[in-house]
Amino acid sequence: MLTLADIKQDQSIRIVAMPELSESVRKHLHAYGLFTGRTIRVLSTRPEMTIQIEETELALEYSVARHILVEVSR
Amino acid sequence: MSAVAVSSQLPVFPNRKIALVGNPNVGKSVLFHRLTGHYVVVSNYPGTTVGLSHGNIKALENIPVIDTPGIVTFPARSEDEAVTAQVLLDENLQAVIQVGDAKNIRRTLHLTVQLAEMGVPLVLALNMFDEAQSRGLQIEAGKLSRLLEIPVIKTIATRGRGISDLLLALKYVPASKLQVQYPPVIEDALAKMQEYLPESLISKRALSLFWLCHDSVSAVWLSSHLSAEQLNALVDLRTNLELNLSHPTEDIIQNTREQFVDSLAHQISQKDINQGLSISGRLGRLATHPLWGLPILAVVLLAMYWFVGVFGAGTLVGWIEKDLFSGIINPWLTSQVGELIPWPFFRDLFFGQYGLWTMGMTYALALLFPIVVTFFISFGILEDSGYLPRLSVLSNRVFSWMGLNGQAVLPMVLGLGCVTMATMTTRIMNSKRDRILVTLLLALAVPCSAQLGVVMGLLAGISFVGTLVWLGVVLLVMFLIGWLAAQVMPGERQPLVVELPPLRMPVVSNVLIKTAARLEWYVKEALPLFIIGTFFLFVLDQVHILPKIIQALEPMVVNWLGLPSEAATAFLLGLMRRDFAATGLFVMRSDGILNPLQMVVAITTITLFVPCIASMFMMVKERGWKQGLAMIVFIFPFSVLVGGLLQRFLTYTGWLG
Ligand SMILES: Nc1nc2c(ncn2[C@@H]2O[C@H](COP(=O)(O)OP(=O)(O)O)[C@@H](O)[C@H]2O)c(=O)[nH]1
Ligand SMILES: [Mg+2]
């Protein structure tokens with residue numbers, strides 16, 4: 001299964017699920033609008049993952065990105 | 001920019017307030033200052049806005065306004081979010097102004113929906129409209145207002161746009177009536193709960209939703225307004241519901257809201273595609289770039305060094321301490337006022353070698369104050385520019401070795417200004433484990449600006465290699481102890497998730513307000529600690545114990561650290577006043593009894609010591625007696641141990657020959 005950590009720069013993807021993330025981290029991500037079904041864009045992959053949700057840029061480290069299942073949006 | 005015609009005007013109710021609520025960093029505080037027109041008491045923890053600011057709107061018969069800490073979503077997850085939730089529960093509000101970030105319309109609407117469900121009189125201020133526009137985002141405020149049945153006003157708080165429309169809308173705000181339809185099982189539970197709930201300032205529906213989401217703030221409120229049976233009934237209701245659902249109730253509720261918000265957003269907003277990246281956007285990317293991020297960091301640090309280290313600690317301290325205090329004020333006070341005190345004991349207490357005025361106040365006001373002021377100004381600029389979160393991304397790897405995440409960089413950088421204040425700022429960290437780790441590292445390995453000034457001054461006199469050795473040892477100790485402490489500390493490391501706000505030009509007034517608030521803190525909290533510390537030293541001196549302590553220290557200083565015995569005095573006094581240690585070492589250096597090797601050993605040991613007596617008090621205050629003392633008891637012998645090892649190592653290798 002594809003995770004956020006596998007996505008390259010400038011690709012847009014859709015969030016499929018966030019299993020295995022701890023409750024607190026999941027809540028934190030929800031707060032920024034990172035829900036299942038949302039389409040987001042990967043802005044950069046180094047040194048950590050930076051994604052864009054609407055006009056918010058969010059940086060998250062790989063240990064989190066690896067637990068976010070995604071699909072490439074058409 | 002008004003989106004709603006104000007139909008009727010009711011008189012402002014007496015005893016009612018207006019509250020500003022919204023996500024963090026959307027411009028609540030700027031709007032607050034715009035509305036109140038004057039800068040009122042900002043009760044700030046250093047670093048974040050915790051607690052409430054109060055003011056009045058002149059244009060609206062002086063109605064009181066409250067600025068609340070940012071909240072991302074209900075239920076509240078941190079102490080400061082809880083403050084905001086409490087305001088909504090406790091205050092009889094004339095209106096709630098939700099300040100929202102226009103460019104993040106979904107996130108804004110998520111909170112709008114939750115506030116509207118509470119049935120409070122709600123106005124939505126879509127702030128940062130300039131940024132939404134420059135990103136090609138079109139928002140139909142009028143349509144949104146009709147859909148939600150609340151006034152929606154476009155604002156640009158920094159430029160004062162839309163304020164008059166907002167004031168107009170505030171004259172009459174009806175209670176919001178919005179209801180989101182949840183799945184039938186949840187609606188059932190909500191309906192059943194109605195009969196148990198007492199009247200409150202927010203709608204029963206919202207109170208029920210809070211309850212189903214396990215909100216703790218409203219739970220406390222409920223438990224004081226309901227009987228035990230009623231509470232039990234509520235608990236049963238919730239448990240039954242949870243048994244029937246395959247997902248956590250809160251997730252289902254959030255997802256329903258999300259769908260509602262999504263369809264709203266589709267109806268009222270539109271994004272022009274093919275927008276190029278702005279200059280600020282590009283710079284923002286570069287700041288976290290693995291390669292370009294480092295030179296940018298170097299420039300930032302250099303600018304800060306120049307402003308705080310050279311201008312603050314050099315020029316300003318020169319004027320204030322040497323010219324003003326040592327030259328004019330202190331001699332005058334000592335001769336004019338000191339002479340009036342007939343008892344030598346009291347004369348000494350205030351104006352003697354360890355006098356509360358001549359030592360304590362002079363140090364806090366003349367030496368530290370200018371350094372702290374310049375540091376707070378530059379920290380405020382960094383904070384408002386949006387650079388700090390990028391720094392935490394850049395440094396995340398490094399901190400992860402120490403069991404922390406990049407967010408720890410904030411108190412660490414603040415520590416370069418004042419460790420005492422930074423120790424207090426550890427309160428903003430999420431877990432207790434992080435707070436303990438950062439407090440220890442701050443005390444051990446982060447030199448404050450006063451300490452840095454001294455160290456730089458001394459190191460400038462010796463070789464560049466000496467500076468590198470000092471820096472290397474301090475960093476090594478930080479990583480080693482950080483790593484070790486992270487291994488033995490129970491609890492898990494928190495991963496980094498941090499918002500990167502757009503890089504912005506800091507607003508002068510905002511920076512000055514923050515600086516003023518921090519200085520107020522400094523005068524109220526840190527200054528008394530210096531006075532107490534001085535008094536402590538004065539007592540030791542009066543009972544003639546000081547020379548004995550110095551004598552007791554001498555063998556260690558001479559035999560283990562390989563320094564001349566005079567260094568013991570410098571070490572002890574350095575605990576109280578950094579510059580005393582420096583002066584002592586300077587004199588020894590010019591007397592030719594301290595070679596470069598000994599100098600580096602002495603400086604390294606002093607750097608690893610707890611920065612000052614005030615920071616020791618703060619450690620105990622924040623972490624409690626046991627932890628605070630344990631850290632102090634660890635740090636002193638440990639820094640001496642490192643100093644001695646360094647002395648042997650340098651002698652052996654002959655690097656500083
Ligand atoms: N471009 C722009 N920046 C704004 C606007 N309102 C506030 N800001 C900036 O946003 C940042 C956060 O503002 P602040 O009032 O501290 O946010 P708070 O956390 O909600 O109180 C500051 O740097 C402000 O200068 C606006 O309308 N437009
Ligand atoms: Mg604020």
Side-chain angles (χ1 to χ4, degrees), chain A residues 3-70 73-74, chain B residues 23-24 71-73 75 77 81 101-111 128 131-132 135 137 248 250-251 254-255 257-259 261-262 265 269 271 281 284-285 288-291 293 386 389-390 392-397 400 405-406 430-431 492-502:
Chain A
T3 74
L4 183 56
D6 306 318
I7 305 300
K8 290 192 200 63
Q9 189 166 339
D10 287 330
Q11 261 187 311
S12 283
I13 42 127
R14 234 170 56 90
I15 310 283
V16 174
M18 301 189 266
E20 289 177 53
L21 273 185
S22 80
E23 181 82 0
S24 71
V25 174
R26 209 154 40 91
K27 291 272 162 59
H28 199 150
L29 294 176
H30 278 180
Y32 290 110
L34 206 72
F35 291 98
T36 8
R38 274 281 174 95
T39 301
I40 60 168
R41 208 158 70 92
V42 172
L43 295 177
S44 74
T45 54
R46 292 263 166 263
E48 309 294 345
M49 275 265 161
T50 311
I51 58 176
Q52 182 173 345
I53 317 164
E54 299 195 271
E55 296 298 323
T56 303
E57 289 184 26
L58 195 68
L60 33 91
E61 61 176 51
Y62 275 84
S63 72
V64 176
R66 267 196 293 276
H67 292 299
I68 301 179
L69 305 182
V70 299
S73 53
R74 304 118 306 194
Chain B
N23 293 142
I71 179 154
V72 256
T73 182
R77 288 173 308 131
E81 287 193 343
D101 181 349
K103 66 182 180 299
N104 287 307
I105 192 71
R106 284 181 172 78
R107 176 140 61 116
T108 297
L109 289 177
H110 237 283
L111 193 61
M128 304 203 170
E131 291 191 347
R135 285 151 191 253
L137 203 69
E250 194 187 342
D251 288 8
Q254 288 289 14
N255 279 332
R257 285 180 185 146
E258 167 70 7
Q259 277 161 24
V261 164
D262 198 51
S269 69
K271 185 164 173 152
R285 299 282 155 80
T288 53
H289 193 275
L291 195 70
R390 291 178 167 80
S392 58
V393 171
L394 210 58
S395 61
N396 187 45
R397 290 279 160 93
S400 69
N405 71 46
N430 290 331
S431 76
E492 275 194 30
R493 174 181 173 269
Q494 306 282 321
L496 179 77
V497 176
V498 63
E499 181 185 350
L500 304 180

inquiry  = Between B:His110 and A:Tyr32, does the ring pair (Phe, Tyr, Trp, His ring centres under 6.0 Å) criterion hold? Intermediate values first, please.
reply    = CA-CA 10 Å; B:His110 237 283; A:Tyr32 290 110; over 10 Å; no

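Contacts of B:Glu492 with chain A are absent, with no heavy-atom separation under 4.5 Å from either backbone or side chain. For chain A, no part of B:Leu111 is nearby; none of its heavy atoms comes within less than 4.5 Å. Residue B:Asp101: no heavy atom, backbone or side chain, is found under 4.5 Å from chain A. Contact of A:Thr50 with chain B is made through the side chain alone, with heavy-atom distances under 4.5 Å. Within the 4.5 angstrom heavy-atom criterion, only side-chain atoms of A:Leu29, from C-beta onward, approach chain B. Heavy atoms of A:His28 lying under 4.5 Å from chain B belong to its backbone as well as its side chain. There is no contact between B:Arg257 and chain A, counting heavy-atom distances below 4.5 Å.
Between B:Thr288 and A:Pro47 the shortest heavy-atom distance is O-CD, 2.9 Å.
For B:Arg107 and A:Thr56, the side-chain atoms include at least one donor-acceptor pair closer than 3.5 Å. Side chain to side chain, A:Glu55 and B:Asn104 fail the donor-acceptor criterion of an N or O pair below 3.5 Å.
Using a cutoff of 4.0 Å between basic side-chain nitrogens and carboxylate oxygens, B:Arg285 and A:Glu57 are scored as salt-bridged. Taking the charged nitrogens against the carboxylate oxygens, B:Arg135 and A:Glu54 have no contact shorter than 4.0 Å, which rules out a salt bridge. Residues B:Glu258 and A:Arg38 are paired through a salt bridge, judged by an N-O separation under 4.0 Å between the basic side chain and the carboxylate.
Contact count against chain A (heavy-atom pairs under 4.5 Å) is highest for B:Asn396 among B:Leu137, B:Asn405, B:Leu394, B:Asn396. Annotation: maximal heavy-atom pairing with chain A below 4.5 Å, among B:Glu250, B:His289, B:Arg390, occurs at B:Glu250. In terms of heavy-atom pairs under 4.5 Å with chain A, the best-connected choice from B:Arg493, B:Gln259, B:Gln494 is B:Arg493.
B:Ser392 OG to A:Glu48 CD: the interatomic distance, rounded to the nearest 0.5 Å, is 9.5 Å. How far CZ of B:Arg397 is from CD of A:Glu61: 8.5 Å, rounded to the nearest 0.5 Å. Separating the OG1 atom in A:Thr36 from the CD atom in B:Gln254 is a distance of 11.0 Å, to the nearest 0.5 Å.
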